[in-house]
Colleague: 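One structure is given below, represented as structure tokens, and several questions about it will come after.
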Amino acid sequence: MSEKSNPCQFCGACCASFRVSFYWAEADDGGGLVPGHLTEKLNDWTRCMRGTWSASPRCAALLGEVGDSVGCGVYPLRPSPCREVEAGSAQCLKARAIHGLPALWEAPAAANEPEPLLAG
């Protein structure tokens, strides 16, 4: 797969820019899929991926070097915030900028988003 078709495999900036927090029951010890040993408790309702709750976040599941060749060690088990980030989205572009990586493209509007109204 080329970088153009899946730039995430050569980026990883989102995995090393933000706290990845989610509902506690997404972890395997709460009935979900996310490996509990890779999470930290934030409060009674939320957890985050270990390593992302710091001044220099880096998810414990991130493999490789940001901006080079990366992968997720728990990709099929990743939490909902990771599933929601899309290449070229505002969050992606912000993470890439944090790591000095060039912008990709703007993500297309979601299928359920209404088309903008034309003036006139």
Side-chain angles (χ1 to χ4, degrees):
M1 187 174 281
S2 72
E3 180 176 357
K4 181 148 178 79
S5 62
N6 190 356
C8 300
Q9 291 181 341
F10 297 91
C11 183
C14 60
C15 308
S17 297
F18 309 112
R19 184 180 75 196
V20 180
S21 53
F22 50 92
Y23 184 59
W24 69 271
E26 286 190 53
D28 58 6
D29 57 358
L33 299 174
V34 181
H37 70 279
L38 292 177
T39 70
E40 297 179 64
K41 181 179 178 178
L42 292 175
N43 58 43
D44 289 341
W45 303 276
T46 58
R47 293 184 181 193
C48 68
M49 290 301 291
R50 196 175 78 231
T52 66
W53 192 15
S54 69
S56 298
R58 182 184 168 97
C59 182
L62 178 62
L63 308 172
E65 293 300 318
V66 173
D68 189 12
S69 180
V70 297
C72 175
V74 296
Y75 188 79
L77 309 173
R78 69 197 187 282
S80 56
C82 302
R83 295 175 187 275
E84 294 166 2
V85 175
E86 294 183 17
S89 68
Q91 191 170 10
C92 163
L93 298 176
K94 182 177 178 182
R96 289 180 66 85
I98 289 169
H99 289 277
L101 299 172
L104 294 174
W105 58 87
E106 288 193 33
N112 61 351
E113 235 177 73
E115 290 291 321
L117 297 175
L118 300 175

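Any value given below was found using the heavy atoms of this structure, including those in side chains, with hydrogens, waters and symmetry copies removed.
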Colleague: Please tell me if the side chains of Met49 and Pro79 come closer than 4.5 Å, counting only heavy atoms from C-beta onward.
Modeller: yes
Colleague: Please check if the number of heavy atoms outside Glu84 that lie under 6.0 Å from its CD is greater than 12.
Modeller: yes
Colleague: What are the two closest non-hydrogen atoms of Val20 and Cys82, and how far apart are they?
Modeller: CG1-SG, 3.7 Å
Colleague: Using the test side chain to side chain contact (heavy atoms under 4.5 Å, CB included), find all partners of Val66 that sit at least two apart in sequence or belong to another chain.
Modeller: Ala13, Ala16, Arg58, Leu62, His99, Leu101
Colleague: Can you tell me how far SG of Cys59 sits from CZ of Arg50, rounded to the nearest 0.5 angstrom?
Modeller: 8.5 Å
Colleague: Apply side chain to side chain contact (heavy atoms under 4.5 Å, CB included) to Asn43 and list each qualifying residue two or more places apart in sequence or on a separate chain.
Modeller: Trp45, Thr46
Colleague: Rounded to the nearest 0.5 Å, what's the gap from CZ on Arg83 to OH on Tyr75? Could you check?
Modeller: 8.0 Å
Colleague: Looking at every non-hydrogen atom in both residues, tell me the closest pair between Leu104 and Ala87 and how far apart they are.
Modeller: CD1-CB, 4.2 Å
Colleague: Hey, what do you get for CD (Glu26) to OG (Ser21), rounding to the nearest 0.5 Å?
Modeller: 10.0 Å
Colleague: Do you know which two heavy atoms are closest between Leu63 and Cys72, and how far apart they sit?
Modeller: CD1-C, 4.4 Å
Colleague: Which side-chain N or O atoms in residues 30-42 pair as donor and acceptor under 3.5 Å with protein atoms at least two apart or in another chain?
Modeller:
| from | atom 1 | to | atom 2 | distance (Å) |
| --- | --- | --- | --- | --- |
| Thr39 | OG1 | Gly36 | O | 2.8 |
| Thr39 | OG1 | Arg47 | NH1 | 3.2 |
| Glu40 | OE2 | Gly51 | N | 3.2 |
| Lys41 | NZ | Asp44 | OD1 | 3.2 |

Colleague: Which heavy-atom pair separates Ala27 from Phe22 by the least distance, and what is that distance?
Modeller: N-CE1, 4.5 Å
Colleague: Starting at CZ of Arg96, measure out to SG of Cys11 and round the result to the nearest 0.5 Å.
Modeller: 4.0 Å
